[in-house]
2 protein chains.
Amino acid sequence: MEPTDENALKPIASVDLVVLALSEHGLQVLLIRRQADPFRGAWALPGGWIHTDEDPDLDAAAARVSREKTGVETPYLEQLATFGSAGRDPRGWSVSVGYVALLPADEVAGRAAESTDTAWHAVTGDGVAVPLAFDHASILRAGLIRLRAKVEYTSLPVHLLPAGFTLGELQAVYERILGRRLDKSAFRKRIAEVDFVEPVPSAMRRGSNRPAQIYRVKPGLGTAFFDRTI
Amino acid sequence: MEPTDENALKPIASVDLVVLALSEHGLQVLLIRRQADPFRGAWALPGGWIHTDEDPDLDAAAARVSREKTGVETPYLEQLATFGSAGRDPRGWSVSVGYVALLPADEVAGRAAESTDTAWHAVTGDGVAVPLAFDHASILRAGLIRLRAKVEYTSLPVHLLPAGFTLGELQAVYERILGRRLDKSAFRKRIAEVDFVEPVPSAMRRGSNRPAQIYRVKPGLGTAFFDRTI
DNA sequence: GTAATAGTGTCTCTTAGACAATATGCT
DNA sequence: AGCATATTGTCTAAGAGACACTATTAC
């Protein structure tokens, strides 16, 4: 059962990230133009080899890639699924562990202009307008399915907002990802039920209208799950 | 970014299976006693290296391992999560893609007696009574969490039953895994709603009571999702 | 008949969903 | 005042959950 020559049978192992953020124009995914073969010049998800000499585990490898490619220290990171086959990389049998990363809207602008080889691309339906290297279109599709599924019944979308946000802004995020309007009253009932945000004392968003209370995520809580759906 | 010596940095890659079945005594997981170091003599989840020369992809590798270790051709197989770290295998940085496999109850008896090194172990809470090799306790725990979560809102438990079953038997499976009683009337309403089973014409389960209609899964359907929860 | 389980029906209390009313700042 | 958005309240139709009733077989 154990191979005689271990190294010969070892697949290539890497980590690929679906980095998502929400701009005024909708959901955006961070893509990198490949500098090297294979697929030189094509757009790809940010990713990299697992560094067995420096990464203690998979999550650390994903965090390192995220840091190297996006500059953001600790975005929300969640393992998505693993893609492995003989044909997905022309260099040989390869395994890629896919991760989903969510970035707050206010981090997006800075990252986009950094390099001509790194750019945010608008998500349309279940993909992007440009072709992607490897099987990255599949990984992206899986990431979008995961995000949209979890938006229905978890507090995940808070990670697409800055640390302080109003309930109106939070509702807008849900609506943008789900692609449908939500009832304000029902929405607030759900948020109050699961109790994962708290008002920031005397912090208000002001405009030419009634000021809105600013909320933040309650510290020490993970992702909250709704009883039913949002 | 690309390592100079690829093989030196390649992690070890394997597939591990959480093979579950439901007996009269509750949920059972298939374990194998390790014949070789490391962890020689310890119980472990059935697993094996990815064979880059014969497995076309990860699902095929999992199916092969399942076939080799359980003898069952096509159980329900679902990718669970991937576990990778420097320390989980003393031989070096390793990646294991975990899968959940569900077996019909009528397949269980035959497999158990095959070998003294292969045995069904009762699941108690979130694990088994014996210690497991590697980080297999974590993988098992993740598999159980996945199963229990999906039982709440999907038709997954049908895979724990033989091809033909009564609605009473199906309800019993849900109740056993969830650990709580379900209302018969409400249960049947849900099953009718999602419409994933059909009666087998004139097939009846007989006993010292009113005979029960035997149902089967509608062909060509994947896992069905309930609107809310079961 | 009795026992046992299958299968269907009814009733009530909760609540999701739609809609409306009020509150509060800015210009 | 008028506008825009925040925040809270009300009403109703739908449905979940609890419970009960009828059906059909073996013995």
Side-chain angles (χ1 to χ4, degrees), chain A residues 24 105 151-155 157-158 161-162 164-176 178-216 224-230, chain B residues 24 105 151-155 157-158 161-162 164-176 178-216 224-230:
Chain A
E24 319 86 82
V151 166
E152 288 278 359
Y153 62 95
T154 73
S155 64
V158 291
L161 284 172
F165 50 85
T166 69
L167 293 183
E169 289 161 359
L170 183 59
Q171 184 176 344
V173 171
Y174 276 90
E175 291 178 340
R176 296 268 286 291
L178 293 173
R180 66 169 198 268
R181 302 300 308 274
L182 299 174
D183 183 82
K184 186 164 44 170
S185 167
F187 180 80
R188 284 161 187 249
K189 253 184 271 179
R190 288 293 169 87
I191 301 299
E193 272 171 25
V194 293
D195 193 35
F196 68 98
V197 295
E198 61 188 6
V200 180
S202 65
M204 292 283 164
R205 175 91 69 242
R206 315 192 85 83
S208 63
N209 50 26
R210 173 172 174 178
Q213 175 65 52
I214 290 181
Y215 289 80
R216 65 177 165 226
F225 289 74
F226 302 124
D227 268 12
R228 301 302 202 218
T229 62
I230 194 73
Chain B
E24 320 85 82
V151 166
E152 287 279 358
Y153 61 96
T154 74
S155 63
V158 291
L161 284 172
F165 50 87
T166 70
L167 294 184
E169 287 161 0
L170 183 58
Q171 182 175 345
V173 171
Y174 277 91
E175 290 176 340
R176 296 267 287 289
L178 293 173
R180 66 170 199 267
R181 301 301 307 273
L182 299 175
D183 182 81
K184 184 166 50 167
S185 169
F187 180 81
R188 282 160 189 247
K189 253 184 271 179
R190 287 295 169 86
I191 300 299
E193 271 170 26
V194 293
D195 192 34
F196 68 98
V197 295
E198 60 186 8
V200 180
S202 65
M204 292 283 165
R205 175 90 69 242
R206 317 192 82 85
S208 63
N209 49 25
R210 174 173 172 176
Q213 175 65 52
I214 290 182
Y215 288 80
R216 64 176 164 225
F225 289 74
F226 302 125
D227 268 13
R228 301 301 202 221
T229 61
I230 196 70

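By convention in this document, chain letters (A, B, ...) are assigned in the order of the sequence lines, proteins followed by strands, and residues within each chain are numbered from 1. Remember, it's a predicted structure, so these values are computed and weren't measured experimentally.
- Residue A/F165 forms a side chain to side chain contact (heavy atoms under 4.5 Å, CB included) with just one option from A/I214, A/V173, A/V197, and that option is A/V197.
- As a whole-Å value, the separation of B/F165 CZ from C/dA6 C1' is 16 Å.
- Rounded to an integer number of Å, the gap from CE of A/M204 to P of D/dA6 is 12 Å.
- Pairing each heavy atom of B/A224 with each of B/F196, the nearest pair is CB-CB, 3.9 Å.
- D/dG15 atom P lies 17 Å from atom CZ of B/F226, rounded to whole Å.
- Considering every non-hydrogen atom in both B/F187 and B/L182, the closest pair reads CD1-CD1, 3.9 Å.
- Residue pairs meeting the side-chain hydrogen bond (donor to acceptor under 3.5 Å, both in side chains) criterion with at least one member in residues 201-215 of chain A, sequence neighbours excluded, are A/E169-A/R205.
- Taking atom CD on B/E169 and atom P on C/dG7, their separation rounds to 11 Å, with Å as the unit.
- Summarising the geometry, the separation between CZ on B/R205 and C1' on C/dA4 is reported as 16 Å, rounded to the nearest angstrom.
- In this entry the distance linking CZ of A/R188 with P of C/dC19 reads 19 Å, nearest Å.
- In this structure, CZ of A/R180 is placed 13 Å from C1' of C/dA16, rounded to the nearest angstrom.
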* To do: Could you run through nucleotides 19-27 of chain D and give me one letter per nucleotide, 5' to 3': B if any protein heavy atom sits under 4.0 Å from the base, S if only the sugar-phosphate is that close, - if neither?
  => B---BBBS-
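- Residues A/R188 and A/G168 come closest through the heavy atom pair NH2-N, 4.2 Å.
- In this structure, B/D183 and B/Q171 approach most closely via the heavy-atom pair C-NE2, 4.0 Å.
- Atom CD1 of B/I191 is separated from atom P of C/dG7 by 13 Å (rounded to the nearest Å).
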